[in-house]
Protein chains: 2
Amino acid sequence: MHSTTHYTRHHLFTSPPALSARRRASLRSASTVRMALREDGPTVAVVGVTGAVGQEFLQVLSQRDFPYSSLKLLASRRSAGKQIPFQGKTYTVEELVPESFDGVDIALFSAGGGISKELGPVAVEKGAIVVDNSSAFRMDPNVPLVIPEVNPEAMSHIRLKGRNGKGAIIANPNCSTIICLMGVTPLHRHAKVVRMVVSTYQAASGAGAAAMEELALQTREVLDGKEPTCKIFKQQYAFNVFSHNSSLLPNGYNEEEMKLVKETRKIWNNDEVKVTATCMRVATMRAHGESVNLQFENPLDEDTARQILQKAPGVVIIDDRELNNFPTPLGVSNKDEVAVGRIRQDISRDDNRGLDLWVCGDQIRKGAALNAVQIAEMLL
Amino acid sequence: MHSTTHYTRHHLFTSPPALSARRRASLRSASTVRMALREDGPTVAVVGVTGAVGQEFLQVLSQRDFPYSSLKLLASRRSAGKQIPFQGKTYTVEELVPESFDGVDIALFSAGGGISKELGPVAVEKGAIVVDNSSAFRMDPNVPLVIPEVNPEAMSHIRLKGRNGKGAIIANPNCSTIICLMGVTPLHRHAKVVRMVVSTYQAASGAGAAAMEELALQTREVLDGKEPTCKIFKQQYAFNVFSHNSSLLPNGYNEEEMKLVKETRKIWNNDEVKVTATCMRVATMRAHGESVNLQFENPLDEDTARQILQKAPGVVIIDDRELNNFPTPLGVSNKDEVAVGRIRQDISRDDNRGLDLWVCGDQIRKGAALNAVQIAEMLL
């Protein structure tokens with residue numbers, strides 16, 4: 001996690017300053033010459049660019065020197081005309097219409113499920129590859145649901161039209177699923193997960209930038225003894241925990257929980273795995289925590305688990321029992337890696353087939369924008 | 001939960017005003033005449049009266065019209081001399097010394113494990129019954145560990161010295177254990193819990209009044225872009241979640257988690273029950289949330305579970321799927337009852353022997369002071 005150590009520890013939710021992208025890129029490889037805007041790159045569109053994830057798309061594209069020959073910033077009519085600086089140029093946000101996708105190779109969507117359902121297929125029809133951050137197509141059997149470190153093979157048949165491919169949709173999994181499976185999949189590959197019990201500690205950012213602002217506003221109000229403003233959520237969020245605000249299904253699980261159940265099965269291509277989840281929102285800004293109890297088919301001790309996770313791409317272990325230093329939502333905020341700690345043998349089992357973990361990841365970054373850009377990178 | 005409805009919903013952590021105790025007592029029974037201070041009552045001492053739990057002892061004693069013939073308020077030398085009004089009289093806090101317990105019938109201790117270890121046996125020697133809120137004696141096989149709604153029989157042999165009894169210690173369980181078992185025991189009695197996976201969302205109050213103040217202070221500092229003051233905890237608490245600050249044991253569990261494991265076995269008088277727990281602190285003030293996954297020996301469906309919990313003393317069900325209304329730490333703050341919701345069949349099991357629950361309870365109240373006073377009431 002070397003690349004973001006210059007952020008202050010109490011950094012709340014603002015985007016990192018423009019300069020740090022440059023610095024981080026240079027940290028990664030001293031000899032890198034920035035060549036993001038170049039003629040042989042794909043044409044890229046960002047849909048929903050004014051949202052929390054949309055803004056993070058730009059950060060991540062820039063930090064990773066994603067190549068592009070042109071860039072379109074798209075949003076609703078309300079935001080059209082807004083000026084956004086990006087890599088030394090100023091872009092004007094354009095209103096999102098079907099014609100927006102003419103000539104677009106890669107479209108990163110994060111404007112809600114309704115927009116994705118309506119305009120995703122239009123973009124595909126015009127030959128674009130849509131990387132969709134909404135839930136609209138995740139469970140569509142024809143749409144790959146991809147975490148690049150976990151199941152890149154699911155999208156191996158998809159190619160850009162300039163490379164004998166054609167338009168297609170690739171779905172970005174839900175944030176809780178990505179963060180959970182980043183920590184769990186390496187262990188699953190080794191000892192096969194039979195059952196997983198997950199309890200989440202989810203941040204405001206999953207409900208968008210306005211929810212983050214409301215949490216900050218409410219917190220101030222409560223500290224000042226005022227009634228908290230409740231517009232995004234129907235109840236006080238500051239100094240509270242509440243069951244995830246998604247709809248409840250007849251089985252008593254909410255939609256967020258069922259995403260963890262169903263997306264895990266699809267991503268692992270394994271209909272047998274048993275998952276139960278309880279999804280809660282806690283008063284954090286942009287990173288989720290998840291308490292994960294795992295039951296394996298084969299024996300797995302905690303030392304082996306640690307060795308496996310040490311080699312896992314995109315994962316860092318923070319697990320210092322002596323200093324009581326473990327992953328926190330704040331500690332992983334604005335970081336790329338998912339942090340795993342509290343790795344221990346489940347003492348409620350005596351068959352060496354259980355582990356408990358605590359996993360944290362930045363919801364906007366690996367939980368959304370970074371994962372989508374990594375998917376796009378696999379198309380290059 | 002009628003008795004506390006006059007508190008504002010965003011009430012943070014201040015104690016309720018003195019008048020409301022009177023009003024609440026009168027709400028409970030219109031014909032009650034306050035007879036708390038009376039000649040035939042026991043002599044009572046409150047040890048650690050200036051702490052968060054100590055203050056709550058006074059609230060609860062008053063609200064429940066606990067009878068006493070005299071009251072001693074004890075604390076460290078630093079707090080000695082402080083004046084505390086209680087039920088129309090003003091008491092002077094006395095320095096805690098061995099002689100403090102001369103003539104005391106019931107001593108409510110909440111001044112840390114060190115004080116309990118040192119002076120608990122002294123009080124017992126002098127004939128007092130000590131109700132101890134610390135962890136000092138909880139696992140002592142000679143000391144009953146009691147939740148009055150769960151295992152009152154464990155203390156049935158203990159009597160006040162005025163009733164042919166003698167000095168004794170009764171331990172108050174840890175807050176997380178009390179809150180968890182209040183919701184789970186009624187179901188355990190019906191279908192027998194085989195295994196329990198708990199993830200906690202714990203409030204600042206468990207670390208005392210100073211931790212609550214630090215959380216409020218830090219939150220203000222972070223909102224103002226300042227470095228947060230970290231005195232009680234070594235890391236930022238505001239807008240964060242971190243693994244419980246208790247020591248880690250060689251098995252990778254922290255002490256808080258092992259309390260849940262061991263105390264559950266002792267309280268249920270059942271060495272077979274399998275428990276694993278992950279204990280986290282979240283940025284809430286005085287009430288804990290717990291996500292509980294249960295495996296039963298016998299079948300138990302969610303409707304039966306709901307019927308059982310509806311009749312359970314000290315438990316309220318808040319489980320409105322339509323309105324997405326479930327227990328929250330804020331909602332149970334300053335309330336006596338433990339709230340249970342998100343009651344549902346565990347979809348990771350197909351044998352009708354699994355349930356998921358979400359439980360919330362006030363950490364200072366049922367998690368500490370109320371439970372201790374209820375224990376004392378059983379001695380009357």
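Numbered from 1 within each chain, the chains take letters A, B, ... in sequence-line order.
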> With a 4.5 Å limit on heavy-atom distance, are the side chains of A:Asn324 and B:Phe242 in contact?
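In short, these two side chains do not touch, never coming nearer than 4.5 Å.
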> Looking only at atom types and distance, does a side-chain atom of A:Tyr201 sit under 3.5 Å from a main-chain N or O of B:Met280, one as donor and one as acceptor?
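Here the side-chain-to-backbone pair does not exist.
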> Roughly how far, to the nearest 0.5 Å, is CG of A:Asp319 from OG of B:Ser243?
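Separation between the atoms: 9.0 Å.
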> Do B:Asp350 and A:Lys274 meet the salt-bridge criterion of a basic N to acidic O distance under 4.0 Å?
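Salt bridge flag = yes for B:Asp350 with A:Lys274.
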> Should B:Tyr253 and A:Asp346 count as side-chain neighbours, where that means a heavy-atom distance under 4.5 Å?
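Yes, side chains in contact.
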> Measure the shortest side-chain to side-chain distance between B:Ser348 and A:Val275 over non-hydrogen atoms and say whether it is less than 4.5 angstrom.
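Side chain of B:Ser348 against side chain of A:Val275, heavy atoms only: no contact under 4.5 Å found.
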> Using a 4.5 Å cut-off on heavy atoms from C-beta on, say whether the side chain of B:Leu330 contacts that of A:Gln235.
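Side chain of A:Gln235 against side chain of B:Leu330, heavy atoms only: no contact under 4.5 Å found.
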> Any side-chain to backbone donor/acceptor pair from B:Arg220 onto A:Leu223? Under 3.5 Å, distance only.
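A pair under 3.5 Å: yes.
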> A:Glu322 versus B:Leu248: any side-chain heavy-atom pair under 4.5 Å?
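No, side chains not in contact.
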> Side chain from CB out, backbone as N, CA, C, O: work out which of these in B:Val261 comes under 4.5 Å of a heavy atom of chain A, or both, or neither.
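Only the side chain of B:Val261 comes within 4.5 Å of chain A.
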> Evaluate the criterion side chain to side chain contact (heavy atoms under 4.5 Å, CB included) for residue pair A:Arg321 and B:Asn254; output intermediate values, then yes/no.
CA-CA 9 Å; A:Arg321 294 177 184 175; B:Asn254 62 42; over 6 Å; no
> Heavy-atom distances under 4.5 Å only: say whether A:Asn251 touches chain B with side chain, backbone, both or neither.
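For A:Asn251, heavy atoms of backbone and side chain both lie under 4.5 Å from chain B.
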> Less than 4.5 Å to any heavy atom of chain B: does that hold for the side chain of A:Arg195, its backbone, both, or neither?
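Side chain only.
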> Do B:Trp358 and A:Val241 have side-chain heavy atoms sitting under 4.5 Å apart?
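In short, these two side chains touch, coming nearer than 4.5 Å.
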> Answer with side chain, backbone, both or neither: which region of A:Asp356 has an atom nearer than 4.5 Å to a non-hydrogen atom of chain B?
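Looking at A:Asp356, just its side chain touches chain B.
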> Please check if the number of heavy atoms outside B:Glu272 that lie under 6.0 Å from its CD is greater than 12.
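Count not over threshold, so no.
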> Can you tell which of B:Gln218, B:Arg349, B:Glu302, B:Met196 has the highest number of heavy-atom pairs within less than 4.5 Å of chain A?
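Option with the greatest count: B:Arg349.
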> By a 4.5 Å heavy-atom criterion (distance strictly below it), what part of A:Ala277 contacts chain B: side chain, backbone, both, or neither?
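Just the backbone, heavy atoms under 4.5 Å.
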> Whether the A:Ser291 and B:Ser199 side chains hold a donor-acceptor pair (N or O, under 3.5 Å, no angle test) is what I'd like checked.
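Yes - a donor-acceptor pair under 3.5 Å links their side chains.
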> Counting only heavy atoms closer than 4.5 Å, note whether A:Glu257 contacts chain B via side chain, backbone, both or neither.
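The side chain, not the backbone.
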> Just by distance, do the side chain of A:Arg342 and the backbone of B:Gly252 share a donor-acceptor pair under 3.5 Å?
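Pair found, side chain donor or acceptor close to backbone of B:Gly252.
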> If you tally heavy-atom pairs under 4.5 Å against chain A, which of B:Thr284, B:Leu249, B:Asn325, B:Ile347 wins?
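Answer, by heavy-atom pair count under 4.5 Å with chain A: B:Ile347.
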> Give, as side chain, backbone, both or neither, the part of B:Asn293 having an atom under 4.5 angstrom from any heavy atom of chain A.
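The answer is the side chain of B:Asn293.
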> Do we see a donor-acceptor contact under 3.5 Å between the side chains of B:Thr278 and A:Arg344?
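Judged by distance alone, the side chains do pair up.
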